[in-house]
Amino acid sequence: MKKMNNELSRRSFLGNLSKAGLLGVTGLAPLAAGATRKRDTTTTTDEPAHAFLCKPYLQMPAPDTITVMWLTSRPCYSWVEYGTDGQLNQKAHSITKGLVDANNQLHRIALSHLEPGKQYSYRVLSREITDFQPYKLTYGNTLTSDTYTFTAPNTQAKEVSWLMLNDIHDRPKSIPHLMGLNGNDPYDFVFFNGDMFDYQSNEQQIIDHLLSPCGDTFSTQKPFMYVRGNHETRGKYAREWHQYFDNPGHGSYFSFTWGPVHAIVLDTGEDKEDSAPVYAGIADFDGYREEQARWLEKQLQSPAYKKAKHKVVLMHIPHYHGGDWHGASHCRQLFGPLFNKYKIDLLVCGHTHTYGVHAPVSGQHNYPLIIGGGPQEGKRTLIKIKADQKQLTLTMLRDDGTKVGEYTI
């Protein structure tokens with residue numbers, strides 16, 4: 001094993017979405033359930049024009065499935081047209097208990113039975129519903145997005161690579177800036193390791209500070225996964241936050257295998273005690289972490305974990321090298337012994353705003369613990385992970401492009 005210690009040019013970004021006229025829909029393949037969410041009344045006054053609120057973004061990579069999500073300003077019936085070899089000859093919408101999802105503004109449509117490693121073209125369409133009576137539905141205009149491409153996940157590949165960002169804290173320009181550090185180096189997906197926001201205020205914040213910069217940078221072509229940090233648990237819109245994202249298994253904590261890596265993702269919750277006055281008696285993260293500890297041990301005993309060449313855990317709050325606040329201490333108590341007992345290879349965290357590469361410490365963490373940087377210029381980091389059957393290499397770049405950490409297993 002080896003390690004090294006010891007920031008790029010800004011990029012402007014703007015995309016474009018197009019409108020189209022009415023389009024008939026026939027022969028749609030039934031797929032996974034769509035998305036609904038409470039209408040956000042905190043920022044709307046007049047009825048908005050029928051429009052896309054963000055570009056489509058890719059979620060939940062699975063062995064033969066990828067999910068397309070997007071938002072519209074008015075309730076719609078939506079679908080995806082997609083296909084290989086540049087064609088758009090397949091159509092998909094979502095069905096829940098026999099009803100096609102419709103009259104919603106947040107759209108989630110899974111494209112299944114994909115051919116692993118194959119490139120697909122796709123576009124999304126949203127047909128406005130202007131009146132919904134029990135026995136009469138009236139449609140308005142149909143929006144049509146630009147056409148984009150993605151490569152179907154190949155989770156059986158012999159190699160995998162991904163990029164990680166953490167602790168952006170409502171600084172949307174940091175997303176394209178840090179992603180630009182990767183240059184043209186190929187990668188399979190992006191992972192957000194928490195605290196992309198300061199707190200959750202409303203839907204528009206999610207659009208402006210995450211979905212739009214991601215859409216203008218990568219997420220129309222590459223999927224991302226996302227685990228909460230302690231700041232995503234705060235604010236009046238925190239209980240709606242989860243509806244906008246879709247991880248493997250549809251959970252806030254989850255596991256996945258991609259190539260030689262089995263990854264376990266934990267939601268570490270808040271950093272203070274549940275009884276802290278700021279939570280006003282409506283938090284129970286202790287119970288939530290205890291639930292995850294029981295789940296974690298089952299994951300660490302699973303055949304997928306045992307068979308994997310590299311065993312990686314991703315979570316926001318580090319249980320060492322990040323102080324002794326309650327959240328960190330509770331993670332240390334619940335998760336730490338399991339990580340050591342079942343011999344994980346690597347733990348990657350954020351939270352502290354101080355990047356670091358911490359080699360194994362006997363009796364504490366018997367594996368390297370990597371911590372990504374913070375939101376301020378000069379402290380922001382991009383973490384790159386590449387793995388094949390022989391080795392896994394993590395590289396951390398500061399926001400000026402300087403390599404500030406590396407670990408090879």
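- Counted within 6.0 Å of CD on Gln156, heavy atoms from surrounding residues, nucleotides or ligands total 12 or fewer; the atom is thus considered open.
- Atom OH of Tyr199 has 12 or fewer neighbouring heavy atoms from other residues, nucleotides or ligands inside a 6.0 Å radius.
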* Checking side chain to side chain contact (heavy atoms under 4.5 Å, CB included) for the pair Val227/Asn193: CA distance, chi angles, key distance, verdict? -> CA-CA 6 Å; Val227 69; Asn193 206 6; 3.4 Å; yes
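- In this structure, the separation between CG on Leu266 and OG on Ser252 is 12.0 Å, given to the nearest 0.5 Å.
- Looking only at side-chain heavy atoms (C-beta outward), Glu232 and Met196 come within less than 4.5 Å of each other.
- Listed by chain and residue number, Glu297, Tyr342 satisfy the side chain to side chain contact (heavy atoms under 4.5 Å, CB included) test with Gln301 (two or more places apart in sequence, or in another chain).
- The side chain to side chain contact (heavy atoms under 4.5 Å, CB included) search around His231 returns His169, Asp195, Arg234, not counting sequence neighbours.
- Below 30°, between 30° and 60°, or above 60°: for His319 and Tyr367 the angle between ring planes is below 30°, a parallel geometry.
- Counting heavy atoms from C-beta on, the side chains of Tyr320 and Leu347 never come closer than 4.5 Å.
- Looking at Glu203 and Ile207, their side chains come closer than 4.5 Å, going by heavy atoms from C-beta outward.
- Note on Lys379 versus Asp167: no salt bridge recorded, every NZ/NE/NH1/NH2 to OD/OE distance being 4.0 Å or above.
- Here the side chains of Val348 and Val313 are not in contact, with every heavy-atom distance at 4.5 Å or above.
- Residues Thr151 and Asp188 form no side-chain contact, since every pair of their non-hydrogen atoms from C-beta on lies 4.5 Å or further apart.
- Looking only at atom types and distance, the side chain of Glu270 has a donor-acceptor partner in the side chain of Thr233 under 3.5 Å away.
- When all heavy atoms are compared, the tightest approach of Leu397 to Val404 is C-CG2, 4.3 Å.
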* Evaluate the criterion side-chain hydrogen bond (donor to acceptor under 3.5 Å, both in side chains) for residue pair Ser145 and Trp70; output intermediate values, then yes/no. => CA-CA 10 Å; Ser145 76; Trp70 71 99; over 6 Å; no
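- The shortest heavy-atom contact between Ala157 and Pro260 is O-CD, 4.1 Å.
- Screening Tyr237, Phe245, Tyr244 for a ring-ring contact (aromatic ring centres under 6.0 Å, His included) involving Trp241 leaves a single residue, Phe245.
- When all heavy atoms of Asn104 and Asp101 are compared, the pair lying nearest together is OD1-C, 4.1 Å.
- Shown here is Lys272, whose NZ atom has more than 12 heavy atoms of other residues, nucleotides or ligands within 6.0 Å.
- Across Ser302 and His262, no two heavy atoms sit closer than the pair OG-NE2, 4.5 Å.
- Here salt bridge (charged side-chain N to carboxylate O under 4.0 Å, His left out) pairs that include residues 61-72, with residues two or more places apart or in two chains, number zero.
- Ring pair His365/His321: centre-to-centre distance below 6.0 Å.
- In the model, Gln292 has no side-chain atom that pairs as donor or acceptor with a side-chain atom of Asp267 under 3.5 Å.
- Of all heavy-atom pairs between Leu392 and His310, the closest is N-CE1, 3.6 Å.
- Expressed to the nearest 0.5 Å, how far CD1 of Ile129 lies from CG of Leu137 amounts to 5.0 Å.
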* Intermediate values then yes/no, side chain to side chain contact (heavy atoms under 4.5 Å, CB included), Arg289 and Cys331 -> CA-CA 8 Å; Arg289 284 186 289 259; Cys331 289; 3.9 Å; yes
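- Residues Glu290 and Arg294 meet the side-chain proximity criterion, which asks for heavy atoms closer than 4.5 Å.
- Relative ring orientation between Tyr82 and Tyr120 is described as tilted, the plane-to-plane angle lying within the 30° to 60° band.
- From Met69, atom CE reaches atom CD1 of Ile109 across 10.5 Å, with rounding to the nearest 0.5 Å.
- With values rounded to the nearest 0.5 angstrom, Asp198 atom CG is found 9.5 Å from His209 atom NE2.
- With ring centers used as reference points, Phe189 lies under 6.0 Å from Phe256.
- Minimum heavy-atom separation, Val361 to Asn366: O-OD1, 3.6 Å.
- With hydrogens and angles disregarded, a donor-acceptor distance shorter than 3.5 Å links the side chain of Arg108 to the backbone of Gln243.
- For the pair Asp146 and Lys55, the salt-bridge criterion is not met [side-chain N within less than 4.0 Å of a carboxylate O].
- More than 12 heavy atoms of other residues, nucleotides or ligands shown are found within 6.0 angstrom of CH2 on Trp295.
- One finds the CD atom of Glu81 at 4.5 Å from the CZ atom of Arg123 (value rounded to the nearest 0.5 Å).
- Between Tyr226 and the options Phe254, Tyr253, Phe192, a ring-ring contact (aromatic ring centres under 6.0 Å, His included) holds for only Phe192.
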